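Data first, discussion second: the structure below is written as structure tokens.
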Amino acid sequence: MRTSQYLLGTLKEIPADAEVVSHQLMLRAGMVRRVASGLYTWTPTGLRVLRKVERIVREEMNATGAIEILMPMVQPADLWQESGRLDDYGPELLRLKDRHQRDFVLGPTHEEVISELVRKEVSSYKQLPLNLFQIQTKFRDEIRPRFGVMRSREFIMKDAYSFHTSEACLEKTYQAMYDAYSRIFTRLGLNFRPVIADTGSIGGSMSHEFHVLASSGEDDIAFSSESDYAANVELAEAVAPAAERSAATEEMVKTATPDTKTIQHLVEQFNVPVEKTLKTLIVHGVSETDQPNLVALVLRGDHNLNEIKAAKIEGLLSPLEFANDDEIREATGVSPGSIGPVGLPLRTIVDRSAAVVSDFVTGANEDGFHLFGVNWERDVACTEVADLRDVIEGDLSPCGKGTLSIARGIEVGHIFQLGTTYSDAMKVGVLNETGKNQNLTMGCYGIGVSRIVAAAIEQNHDDNGIIWPASMAPFDVCILPMNMHKSVRVKEVAEQLYSDLKTAGFEVIFDDRKERPGVMFADMELIGIPHTIVIGERNLDEQAVEYTSRSSSDKVKMPISDVVNYLKAL
RNA sequence: CGGCGAUUAGCGCAGUUUGGUAGCGCACUUGGUUUGGGUCCAAGGGGUCGCAGGUUCAAAUCCUGCAUCGCCGACCA
């Protein structure tokens, strides 16, 4: 490709709205352009990278025996009615009508369509197992699209769906997908970790996410220092403290604490260690009547409530819903900020870590007062204990070995064992060996193809621009001729090398613009081409050119005749 | 959905307080200069000042409404 005949679209200035470095660099390198909120055009350089990612994903999926199909993005709402998700999915599901006023949705995922296909096409256990995948555009009407293609509304995803007559068979495919994903992200040159994940609204029993580690990630991942254990903080278990609760040493005292509404304030004003404070959060329980059924959750002041864990507790609303100030006052007679477990007329669930604190400080259930020196059992019953909090740095690992550390990750893959949720709802069954109908056990496996491009940049860049892993680079090598329009020798050598490298199978970008050298260097570094051949009068007397690598500052002078073999050997 | 903010050339912004000729930098075009790291000089093209009303002799500027975009929060495969 000659730059003079290409749409390069590099920008010198940093676009104002781009927050994260990958978004900035994708705009500056001419990879994407925004069309509307969360919608992007992939310009030539960006599309080349996207295709590289797709190719690797496709190769590895094919290698596992999965079979590629392509399903429509526009899907009949009837199918979603059937699975029950038309009501459940919420506003992220974009609904639309055609000219006949028939209802459709833009597919955010394809469980319904694939289930419909399989129930029509597959009727015998002999046709199973089956793993079908596609690489296709999805649409999710995100509340707040951001970070460029990292969280956009329209995006490209590889999604696969497997069908089985037994759990054991599903587990085998699940493991094959796990392994394939590991190979894919390794080939893409990414620093990634598989982590145990929440199954979320998709449901199912077992799930792993694959995260690219990057500070701009939107998820927190907990790792064990001593083992392979890694889990999304959403799910990571906060193990019960090994130590027993210490004996009470203080009397319970009610103290006036006017204007003290937060834990931070309590700690600062009354010089209490934050680990000795307990906070009480009021949430909605499942209610049989119109009246709210409130439940209290008690945590240590320095711990965060994990809403996913809490929502899984019997009797609590899922998703979790916080009570508002009026509801709290109605039920307890006190304002948020002074609530505590002592004498609280609500079901009270205590976090494991909060349950072992002694001599603690907490709200007195009286506006403007807190109780100091409170102890469980002596002053207030502690009947219900559960894991309610997010794990934090230094917690014991649930695997039993080591402690946890926490890092940010970008979710680029997610695999689920779905079970029969969809096949039951949509009656996806076959006749088994005994001639009986049996609903199929399903798995589903997603990879965020467009997100991978952004994630790779987050992990691979410097002040000058992107540094592509070889497998993703839009071009393998660029040819930079110095002052070609003045030097016939430079032009001849550049043209010859361009031709030779293409013949040797390289994807080459040849910067034949009439630009100053600095402009060429800057553009090619910004775009992140791994290998550069610089051709200048300076070295031509010796029939030599210069090689530079984007990922290191290596510069190698070599005879023109060596270039093809040198690049082949890299 | 709530709070805050923005909208002026392709991009980044000033001008709005105090109404009176539409500006700057980058990018683009032309000519010259320079030539191994985002040159320098000169000339030029490009605007319904988000949209719709209103006030006024006169509106980018003041008033009203709307739209779009962004940030924070809530929410969330």
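Note on naming: letters A, B, ... go to the chains in the order of the sequence lines (proteins, then strands), and numbering restarts at 1 for each one. These numbers come from a predicted model, not from an experiment.
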(request) Output the single nucleotide from B:C76, B:G38, B:U35 whose closest atom is nearest the side chain of A:Ala522. (result) B:G38
(request) Any strand is fair game: report the nucleotide pairing with B:U64 by Watson-Crick or G-U wobble, both distances under 3.5 Å, or none. (result) B:A52
(request) Measure from the side chain of A:His485, starting at C-beta and using heavy atoms only, and say which of B:C76, B:C75, B:U35 lies closest. (result) B:U35
(request) Round to the nearest Å and state the distance from A:Leu7 atom CG to B:G10 atom C1'. (result) 13 Å
(message) With a 4.0 Å cutoff (strictly under), does any side-chain N or O of A:Lys12 reach OP1 or OP2 of B:C11?
(response) no
(message) If you apply the rule side chain to side chain contact (heavy atoms under 4.5 Å, CB included), what do you find for A:Glu154 with A:Tyr40, and how did you get there?
(response) CA-CA 8 Å; A:Glu154 192 176 292; A:Tyr40 290 84; over 6 Å; no
(message) Does the structure show a Watson-Crick or G-U wobble partner for B:U18, both distances under 3.5 Å? Name it, or say none.
(response) none
(request) Counting Watson-Crick and G-U wobble pairs only, both distances under 3.5 Å, name the nucleotide matched with B:A59, or none. (result) none
(request) For A:Leu320 and B:C75, give me the distance from atom CG to atom P, rounded to whole Å. (result) 9 Å
(message) Checking contacts here: which listed nucleotide (B:G38, B:G36, B:C76) is nearest the side-chain heavy atoms of A:Val534?
(response) B:G36
(request) With heavy atoms under 4.0 Å as the rule, sort A:Leu11 into base, sugar-phosphate or nothing. (result) nothing
(request) Indicate, with yes or no, if the rings of A:Phe133 and A:Tyr445 have centres closer together than 6.0 Å. (result) no
(message) What is the distance, to the nearest angstrom, from the CG atom on A:Asp511 to the P atom on B:U35?
(response) 19 Å
(message) From C-beta outward on A:Glu546, which listed nucleotide comes closest to its side chain: B:C72, B:U39, B:G36?
(response) B:G36
(request) Check whether more than 12 heavy atoms from other residues, nucleotides or ligands sit under 6.0 Å from atom CD of A:Glu330, and answer yes or no. (result) no
(request) May I have the distance from A:Arg151 (atom CZ) to B:G70 (atom P), rounded to whole angstrom? (result) 14 Å
(message) Once you apply a heavy-atom cut-off of 4.0 Å, does A:Asn539 come out as touching a base, just sugar-phosphate, or nothing?
(response) base
(message) Just the rounded figure in Å: distance from C1' of B:C26 to CG of A:Asp523.
(response) 14 Å
(request) Could you say whether A:Arg34 or A:Pro108 is positioned toward the 5' end of RNA chain B, judged by the nucleotide with the nearest heavy atom to each? (result) A:Arg34
(request) Rounded off to whole Å, could you give me the CG-to-C1' distance for the A:Asn483 and B:G37 pair? (result) 12 Å
(request) Name the closest nucleotide to the A:Pro517 side chain, picking from B:U35, B:C1, B:U39. (result) B:U35
(request) Provide the Watson-Crick or G-U wobble partner of B:G73, both distances under 3.5 Å; none if there is no partner. (result) B:C1
(message) Taking only side-chain N and O atoms of A:Ser37, does any of them lie within less than 4.0 angstrom of OP1 or OP2 on B:G70?
(response) yes
(request) In whole angstrom, give me the gap between the C1' atoms of B:G46 and B:A59. (result) 24 Å
(message) So, OP1 or OP2 of B:C71: does either fall under 4.0 Å of a side-chain N or O from A:Arg144?
(response) yes
(message) On RNA chain B, compare the nucleotides closest to A:Arg153 and A:Ile535; which residue's is nearer the 5' end?
(response) A:Ile535
(message) Taking ring pair (Phe, Tyr, Trp, His ring centres under 6.0 Å) as the definition, give me every residue that meets it alongside A:Tyr161, ordered by chain and number, with sequence neighbours left out.
(response) none
(request) Measure the spacing between CG of A:Leu96 and CG of A:Asp103 and express it to the nearest 0.5 Å. (result) 8.5 Å
(request) With a 3.5 angstrom cut-off on both distances, give the Watson-Crick or G-U wobble partner of B:G45, or none if there isn't one. (result) none
(request) Among B:C72, B:G38, B:G37, find the nucleotide with the atom closest to the side chain of A:Glu525. (result) B:G37
(message) Any donor-acceptor pair, under 3.5 Å, between the side chain of A:Glu13 and the base of B:G25, if you only look at N and O atoms?
(response) yes
(request) Give a yes/no answer on whether the side chain of A:Arg516 brings an N or O atom under 4.0 Å of OP1 or OP2 in B:U35. (result) no
(message) I want to know whether A:Phe475 and A:Tyr6 have ring centres closer than 6.0 Å.
(response) yes
(message) Is the shortest side-chain heavy-atom distance between A:Glu82 and A:Glu116 below 4.5 Å?
(response) no
(request) Can you tell me the distance, in whole Å, between the CD atom of A:Gln24 and the C1' atom of B:C11? (result) 14 Å
(request) Mind calculating the distance between CG (A:Leu27) and P (B:G70) to the nearest angstrom? (result) 12 Å
(request) Would you mind pulling out the nucleotide paired to B:C24, Watson-Crick or G-U wobble, both distances under 3.5 Å? (result) B:G12
(message) Taking B:G73 as the reference, what is the distance to B:C13 when you measure between their C1' atoms (whole Å, please)?
(response) 29 Å
